[in-house]
There are 2 protein chains.
Amino acid sequence: MSSGLTERRQTILKLVIQEFVETAQPVASETLVRKYRLNVSPATVRNELAALEELGYLTHLHTSAGRVPTDIGYRFFVENLMDRTSLSLPEQRMIRHQFYQVRGELDQWIQLAGSVLARTAQNASVVTPPRSADRLRFRQVELVAIHDTMALAVLVFHGGVVKQQTLALDAVRSPDDLRRCAARISSVLADLELGDVEDLLTRDQQQEGSAEFGDFERQVLDLVARAMDAFEAQAQEQIYSDGLIEMLSQPEFIPALAREDAERAVERMRRALDILKSGRGLGLLIPQALASDGVQVIIGGENSADEMREYSVILARYGVERAVTGVLGVIGPTRMAYPRSISSVRYISSLMSDLLAELYQADQRLPES
Amino acid sequence: MSSGLTERRQTILKLVIQEFVETAQPVASETLVRKYRLNVSPATVRNELAALEELGYLTHLHTSAGRVPTDIGYRFFVENLMDRTSLSLPEQRMIRHQFYQVRGELDQWIQLAGSVLARTAQNASVVTPPRSADRLRFRQVELVAIHDTMALAVLVFHGGVVKQQTLALDAVRSPDDLRRCAARISSVLADLELGDVEDLLTRDQQQEGSAEFGDFERQVLDLVARAMDAFEAQAQEQIYSDGLIEMLSQPEFIPALAREDAERAVERMRRALDILKSGRGLGLLIPQALASDGVQVIIGGENSADEMREYSVILARYGVERAVTGVLGVIGPTRMAYPRSISSVRYISSLMSDLLAELYQADQRLPES
DNA sequence: GTCTGGCACTCTCTTTTCAAGAGTGCTAAA
DNA sequence: TTTAGCACTCTTGAAAAGAGAGTGCCAGAC
């Protein structure tokens, strides 16, 4: 009976999605006619809705309820129907200004990106720190005295990765002592990877008596190896997330608005919490996003993880290609303001890329407000 | 009629609280007799319960429901009835071991403390980073080249406070250049506070032509001033928290178990989230805990903040007296396993104190596993 | 052939009612 | 002072009934 996705059906599909995203209520034929001043009757719209349902773009919760988009419906909307907008210029300017205020602090960039994404998309956000695709390579170490028997070791790796650790000294050391030791180790370990460092250590330990390094130097070497190990071990796992409150303010999590068993809303809340805290359900998506260009949109059941069936994820890679890259994005119920969320993810990822590029090549500049 | 808190009434109060903490259900007279093999009849217990209610230690939700402790009841329990236990030795050992594995990393200590507290108390936890009571005093700066036009500035302050920031260079600088500049600034700023640094900067700017510092040096000075300013500004506010999931797994937040309108459970959940994220309701408690010795227990309405009426907070100061101190603790529904939570807070705070002391005086050692 | 008005039908949602159950409070007796 | 007995209160759950929302379909109009 249905002769495919006619123009009018596409228009109606778009309206249904807009309406549903806005109100979180199943959309009735009469509402569409009244609110959008369609000059056809509700009955006509009903026929079209039935056709759209048969084509798989909409569903019915029960016989006498309005229509709700399916994952396929959202997908078609995102691919073909959606207005491709950007964040407004004042908004962009405000965001740039916020980043400008924390210039120089990578950790703060990450936090800020998470918070801005959450606010603009009114959903949860995830950001992974930028990582190098290569294995970690040592660059140099600085030892700074904190007091007589305590020093701070600042380890710098290629790609601008920095890690600091305190270090209990076995004996009192003068600043000169520290400097000498740091210089020695920096030159010995320069450009080495974790495996090389470990080899060096075991080799040194075997030739007991005529050891190449002093006790103190070996202590620092050990620290370096441990730090590199710890760093590589957690490289994949770390996901910063924010916007829990924003997401949980969505009607899906408020029983009075979701018109359903409050029990289910609570259960959903708990599971959402779990997803964000553990990063489960995102695990596969992130490497995938790291390997793709542009903004990725994963809608509901398109995600293989079953617990994500009711959520959409919008991700984009950011960083400097072939150097360091990370992933950032938004996560929320499938009923999501896709145009706005996508614009936001796109803008923040390009902004973060600019910031990182500045860290890597001085010929790119942070846009100033 | 009631002749005060007799021995037997105290016993019964203790049992009511233990039972209620365990089951989260109002406690009935018959349950007490059956479960704890009291050799009196339920009717006798009922009389005593009525007396305890008149004295203010228990309440009734409605005529035909069991008894529930009041804040006053919990308070009496904590002061007089509670068994004063410690964490078991195996548990202590396991915790120490976990801290041992992240030795040298203050940030990790804080995270770990939060996670351990949450797990042992099955509630949310809060930890503030250790802060000095004095104003921040500069110690030294190191400049580490990241690449040609980018350096990392590591600022070290008195009290072991360290902050790192990247710095875009105005021109290519050799490592020697950087070292010289860092040494110069370190010696000029040594032991200065924020105000002094700012004075120095304005004084230098006024004498235009014959400036005391080079462009590059002034750039670094500026960075230092900004960093100190930012650091002092956020010194009070930063509260790390964990254990949201643990707390939200308490029956109070699960409508099916709380036997009440699910709506209310959801509302409660949302508010709890807000408290943890914003730190509101804790604001007054933390300075208070910083000024007190030992473990502080604030039960329900004892907290002036109204949104905390249903929550208890257990806090302890940690750190090195007169040097750096922070606060850590547990937050959860008033129906809380006080003995265990208090032991846990006490143990972790003393452990963290030991760790920090090690950072300050070498004559104290981290207990090794 | 497409659109529209009308109307029956379905399902939800809310309210009411009723019975069962849990636990207390009180009284009177041991 | 303790206890048994019993009436009373309040909750909880199930079932029933009525209102409302929205669809699906048919028959007629354009």
Side-chain angles (χ1 to χ4, degrees), chain A residues 1-4 6-9 11-12 15-16 19-20 23-35 37-55 57-69 255-265, chain B residues 1-4 6-9 11-12 15-16 19-20 23-35 37-55 57-69 255-265:
Chain A
M1 63 108 74
S2 65
S3 54
T6 62
E7 189 96 9
R8 188 168 70 180
R9 286 176 188 166
T11 309
I12 289 180
L15 292 180
V16 169
E19 180 70 13
F20 182 64
T23 65
Q25 302 293 333
V27 182
S29 54
E30 212 211 311
T31 313
L32 285 176
V33 172
R34 187 167 25 81
K35 190 154 174 181
R37 312 205 165 284
L38 307 184
N39 37 17
V40 289
S41 76
T44 309
V45 175
R46 275 204 290 281
N47 288 332
E48 298 293 59
L49 290 175
L52 281 165
E53 179 159 0
E54 201 182 1
L55 290 166
Y57 297 100
L58 298 176
T59 350
H60 244 181
L61 298 182
H62 37 267
T63 333
S64 85
R67 292 320 204 290
V68 164
L257 299 178
R259 298 182 163 235
E260 67 166 6
D261 240 343
E263 316 259 341
R264 215 171 287 174
Chain B
M1 64 109 71
S2 65
S3 53
T6 63
E7 189 96 9
R8 188 167 72 180
R9 285 176 188 167
T11 310
I12 290 180
L15 292 180
V16 170
E19 181 69 14
F20 183 62
T23 65
Q25 301 294 333
V27 182
S29 53
E30 212 210 312
T31 313
L32 285 176
V33 173
R34 185 167 27 80
K35 189 154 174 183
R37 310 205 167 285
L38 308 184
N39 36 18
V40 290
S41 76
T44 309
V45 174
R46 274 205 291 281
N47 287 331
E48 298 293 58
L49 290 176
L52 282 165
E53 179 159 359
E54 201 183 1
L55 291 165
Y57 297 100
L58 298 176
T59 349
H60 245 182
L61 297 183
H62 37 266
T63 332
S64 86
R67 290 321 202 289
V68 164
L257 299 178
R259 298 178 164 238
E260 66 163 9
D261 238 343
E263 315 260 341
R264 214 171 288 175

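We name chains A, B, ... by the order of the sequence lines, and we start the count at 1 in each one. Values below: every heavy atom of this structure, side chains too, minus hydrogens, waters and symmetry copies.
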Q.
Please determine whether a side-chain nitrogen or oxygen atom of B/R34 lies at a distance below 4.0 Å from atom OP1 or OP2 of C/dG23.
A.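 For B/R34, the contact criterion (side-chain N or O under 4.0 Å from OP1 or OP2 of C/dG23) is not met.
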
Q: May I ask you to evaluate whether B/S41 reaches the phosphate of D/dT2, defined as a side-chain N or O under 4.0 Å from OP1 or OP2?
A: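 B/S41 to D/dT2 OP1/OP2: no side-chain N or O under 4.0 Å.
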
Q) Can a donor-acceptor pair under 3.5 Å be found between the side-chain atoms of A/S64 and the base atoms of C/dC11? A)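 A donor-acceptor contact between them is present.
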
Q: Take nucleotides 25-30 of chain D nucleotide by nucleotide from the 5' end and write B, S or -, depending on whether a protein heavy atom sits under 4.0 Å from the base, only from the sugar-phosphate, or from neither.
A: B-----

Q: Using side chain to side chain contact (heavy atoms under 4.5 Å, CB included) as the criterion, point out the one residue from A/T44, A/V27, A/V16 that pairs with A/L49.
A: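 By the side chain to side chain contact (heavy atoms under 4.5 Å, CB included) criterion, A/L49 pairs with just one of A/T44, A/V27, A/V16: A/V16.
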
Q. Between C/dC9 and A/T63, is there an OP1 or OP2 to side-chain N/O distance shorter than 4.0 Å?
A.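 For C/dC9, OP1/OP2 do not have a side-chain N/O of A/T63 under 4.0 Å.
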
Q: Kindly say whether A/G4 contributes a backbone atom to a donor-acceptor pair with the side chain of A/R9 at under 3.5 angstrom?
A: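 Yes; judged by distance alone, with no hydrogens or angles, the pair exists.
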
Q: Report the distance from atom CD of A/Q25 to atom C1' of C/dT12, rounded to the nearest whole Å.
A: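 So the CD-C1' distance, A/Q25 to C/dT12, works out to 13 Å.
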
**Q.** side-chain hydrogen bond (donor to acceptor under 3.5 Å, both in side chains) against A/T31, all qualifying residues, sequence neighbours excluded
**A.**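 Checked A/T31 against side-chain hydrogen bond (donor to acceptor under 3.5 Å, both in side chains); zero matches.
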
Q) What is the distance from atom CD1 of A/I12 to atom CZ of A/R67, rounded to the nearest 0.5 Å? A)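 Taking CD1 in A/I12 and CZ in A/R67, the distance rounds to 11.0 Å.
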
Q.
Using modelled atom types and a 3.5 Å cut-off, is there a donor and acceptor pairing between side-chain atoms of A/T23 and backbone atoms of A/E19?
A.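 Yes, A/T23 side chain to A/E19 backbone: donor-acceptor pair under 3.5 Å.
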
Q) Given C/dT4, D/dC10, C/dT24, which nucleotide is nearest the side-chain atoms of A/T44? A)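 That would be C/dT4.
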
Q: Tell me which nucleotide among C/dG23, D/dT3, C/dC11 gets nearest to the side chain of B/V40.
A: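 Selected nucleotide: D/dT3.
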
